[in-house]
Amino acid sequence: MTRGLAERAGLWYAAGLLALAVGLLSWLPLRAGDQDLWVHLSAGRWMAEHGGLPRDTASFSFLEPPRPIVAYSWLFQRLAHALEGLGGYPALLGVRSALFAFTLALSLAVLRRRAGRLAPAAFALLVLALARHFVAVRPFLFSYAAIAWFLYVAECRPRWAWSLPVAAVLWMNLHGVYYPVLWLLAGAALAGPWLRRAGAERLPPAPLALCLAAPLATPAGFALLPQAFLPLEGVRGFVAELARPELGELATWTVARGVLTPTTALLGLLALAGGSLARAAEARDARPEHAALWAGGLALFASGWRFAAEAALLSLAALRGPSERTASASRTRAVGLALAAVLPVVSIVDLYREPGAYPLANDKLPLGVAAFLQRFGAESRVLHLATDGGYLAWTLPGAKLAMDMRVPHVFTAEDYYENRDAFSTLQGLSRAVERWQPDFVAAPLFAAGFESRIRTLPRFVPVFFDDAAALYVDAQRRPEVAEAWALGADPFRPEPARIGAGRLARMLELAPGSARLRLAAAELATAGGRFDEVLAHADALVRDHPGRPAGRLVRGDALRALGRLEEALADYRRGASLAASPDRGPLCRRVAAALADLRRPSEAYGAFRGCVAEDDPAVAPPDRMRLAALAILAGRAEEAERQLSRLYPGVEAGRRPALLRADLARLRPE
């Protein structure tokens, strides 16, 4: 392969990977695991309504005294709110994709200028290292784009240096807490030329000096500066992205299922940059500013996982292409490169697999609880877990809430631990209720034992639940809500028969996207033989939760009861492909049962055997019974006898089939 052809192939590969990554990201919905977006949206709405910046938490939180707010992302918040008003969540997702494309395109230009033949491989690693950081819509997306712009101007367009102060001022108003990264970029560009005698074209010092002053060109002014250096030790234990990387995690280079992990991609990129710096130092061609950026990125990454993307971007300028001697081509090397090129493609597709509905994957949001409170508690005091504070603040602008996850910039670690104790200990719950006197308590479903603890406060009555939370009302403060909506059942383990079809229907009107409510209603309809209703609920589950197998299982059961076996089999198989390994058993059993009903016993046996490790002694007896029965139906006498001997050791072989039939008759049918 000639050098020119190799370069063109590398460029086309990088461009294709960029298009693939941006295209997949464009169809990736918002995910509810990170509620910071709704914090920003509610702050942007407040600014739009009041014409100023929020100074403290009094507008939405009942915590006293109010916590002061330094609005270091005010421009992002106003922009996000305006975009949501114009085009809803899809507009926000469009900006996310545009920033990803912008960041990657500029990075590719820098790599082509600096890394030569190494550029395609380095770019592939960069795409994987950045991909997971562009899932959420948060201010740091603009920080990534700003870093890429600074590198692009410094390395490719030094004549555009006067664009940097403008970009810096915009950046600081979009995400001002990142000013240390701005200072690193501008400071390295200023100091680098003075530390080397000759080299690349210098950036003029005046625009770089203005960049250093950009943090002061924000509404916060000098108050912004301490925000970047707040102590984090107290919050690392409950904010995962602030945890420091462990040496063991960094020493693990992982390729599993043909997928390269983002962490491994980052480590590969940093290693390539480090090797490039070493070669440049050996050749006496080192540029101190590049070493400073690489070292600064490493220092940021060492302080927390949140800064992995910054470390990847800051390493780009340090990359340097291999020499002609080390880059010599061979057929074996070309085949190896071709195989290696497939790995990033497979990895990016795997990383952006989407289990949720577009534009919002809502499985972890208290959508139903928020809808209930909008109607019956819009101006109430709501005690809730901090992680739900962002969404509740956005959906309940008139309510008084507890807190959100702006720790430590707004709320303290002590605030968080007191809030967590309210949902994990009886003492914490009693203290919070006595101190804050909430009208409603929204408890997360993962709060083990909460139902038994809140029963010690009998005035709190369960009135609603969804996929994320259970809602209780103080019957003394809001008796009309308690009387009209009391569940009479445990919302953590709801029994549909006790709740009743009428109340479930009312709840579904408020929260039509709730999987738990749909499943409860489908269970009642199944018990009553109303399979048309069951199919309607199943269709809603598949539509609203496309990545969960529950809807396929419910629809398959209804279709099988109606005798539509081929359709049921298709749903069971689709559900089994979506289920994680621990949850695949029920669907495997149903696939096998549907095949048996279709008089295809060999396929039924093969399908079930593929889900059960038949030689594993830990296989549950019911599954071993089904495996033995299917082996008999399939005419596999040897396999059937092996399972029967394990089920009934010490029993004569002739008696075992009769015992199996009797035991199967007592099993719940699949």
Side-chain angles (χ1 to χ4, degrees), residues 28-61 67-100 133-146 170-179 218-220 224 227-228 230 235 239 241-242 306 309 359-362 364-367 370 384 386-399 401-411:
L28 193 76
L30 293 170
R31 290 173 175 169
D34 180 358
Q35 292 198 22
D36 278 15
L37 171 62
W38 290 280
V39 172
H40 294 301
L41 286 173
S42 57
R45 177 178 58 201
W46 192 94
M47 285 185 272
E49 293 173 352
H50 294 82
L53 299 181
R55 299 299 179 186
D56 57 44
T57 59
S59 62
F60 71 93
S61 174
R67 279 53 172 167
I69 296 175
V70 177
Y72 58 75
S73 296
W74 74 272
L75 185 56
F76 172 83
Q77 293 166 345
R78 287 298 303 267
L79 177 63
H81 177 252
L83 287 169
E84 195 279 335
L86 288 172
Y89 293 139
L92 295 170
L93 297 179
V95 170
R96 178 185 68 177
S97 297
L99 288 171
F100 194 32
H133 296 275
F134 277 84
V135 172
V137 179
R138 291 171 62 179
F140 53 54
L141 302 189
F142 284 95
S143 288
Y144 303 153
L170 285 173
W171 181 9
M172 291 300 97
N173 284 277
L174 287 161
H175 198 201
V177 76
Y178 263 43
Y179 74 85
T218 65
L224 173 65
Q227 296 298 308
L230 295 176
V235 302
V239 181
E241 63 185 23
L242 292 178
R306 171 182 289 181
L360 176 64
N362 55 24
K364 296 180 181 179
L365 285 176
L367 299 179
H384 59 86
T387 49
D388 289 332
Y391 185 75
L392 292 176
W394 170 242
T395 52
L396 302 169
L401 307 172
M403 63 177 291
D404 54 43
M405 285 300 293
R406 282 179 289 178
V407 184
H409 295 287
V410 176
F411 297 97

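Please read these numbers as outputs of a predicted model, since none were measured by experiment.
- From Leu86, atom CG reaches atom NE2 of His81 across 10.0 Å, with rounding to the nearest 0.5 Å.
- Residues Thr57 and Phe411 form a side-chain contact, since some pair of their non-hydrogen atoms from C-beta on lies under 4.5 Å apart.
- In this structure, Leu79 and Phe142 have side chains that are in contact, with non-hydrogen atoms separated by less than 4.5 Å.
- Across all non-hydrogen atoms, the minimal contact from Ala370 to Thr395 is CB-OG1, 3.5 Å.
- The shortest heavy-atom contact between Arg45 and Pro397 is NH2-CB, 3.5 Å.
- Between Gly389 and Gln35, the shortest heavy-atom contact is N-OE1, 4.1 Å.
- Taking CG from Leu30 and CZ from Arg96, the interatomic distance works out to 6.0 Å, rounded to the nearest 0.5 Å.
- For the atom pair NE2 of His384 and CG of Asp404, the computed distance is 8.0 Å after rounding to the nearest 0.5 Å.
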Would you list the atom pairs, donor with acceptor, under 3.5 Å between side chains in residues 67-74 and any protein atom, with sequence neighbours excluded?
| from | atom 1 | to | atom 2 | distance (Å) |
| --- | --- | --- | --- | --- |
| Arg67 | NE | Asp415 | OD2 | 3.2 |
| Arg67 | NH1 | Glu64 | O | 3.3 |
| Arg67 | NH1 | Pro65 | O | 2.4 |
| Arg67 | NH2 | Asp415 | OD1 | 2.7 |
| Ser73 | OG | Leu174 | O | 3.4 |
| Trp74 | NE1 | Asn173 | OD1 | 2.8 |

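- In this structure, the separation between CZ on Arg138 and OH on Tyr144 is 8.0 Å, given to the nearest 0.5 Å.
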Please walk me through it: do Leu365 and Trp38 pass side-chain contact (heavy atoms from CB on, under 4.5 Å)?
CA-CA 11 Å; Leu365 285 176; Trp38 290 280; 3.9 Å; yes

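- Residues Phe76 and His175 place their aromatic rings such that the two centres sit no closer than 6.0 Å.
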Applying side-chain contact (heavy atoms from CB on, under 4.5 Å), run through Phe140 and Asp36 and close with a yes or a no.
CA-CA 11 Å; Phe140 53 54; Asp36 278 15; over 6 Å; no

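- To the nearest 0.5 Å, atom CG of residue Leu392 and atom CG of residue Leu401 are 6.0 Å apart.
- Taking both residues in full, the closest heavy atoms of Val177 and Gln227 are given as CG2-O, 3.6 Å, listed atom of the first, atom of the second, then distance.
- Looking at every heavy atom in both residues, Tyr391 comes nearest to Leu367 through OH-CD2, 2.9 Å.
- With contacts defined as side-chain heavy-atom distances shorter than 4.5 Å, the pair Leu170/Leu75 qualifies.
- In this pair, Phe100 and Phe134 present their aromatic rings tilted. The plane angle is within the 30 to 60° band.
- When all heavy atoms of Ala145 and Leu99 are compared, the closest pair comes out as CB-CD2, 4.1 Å.
- Distance check: Gln77 CD to Ser42 OG gives 8.0 Å after rounding to the nearest 0.5 Å.
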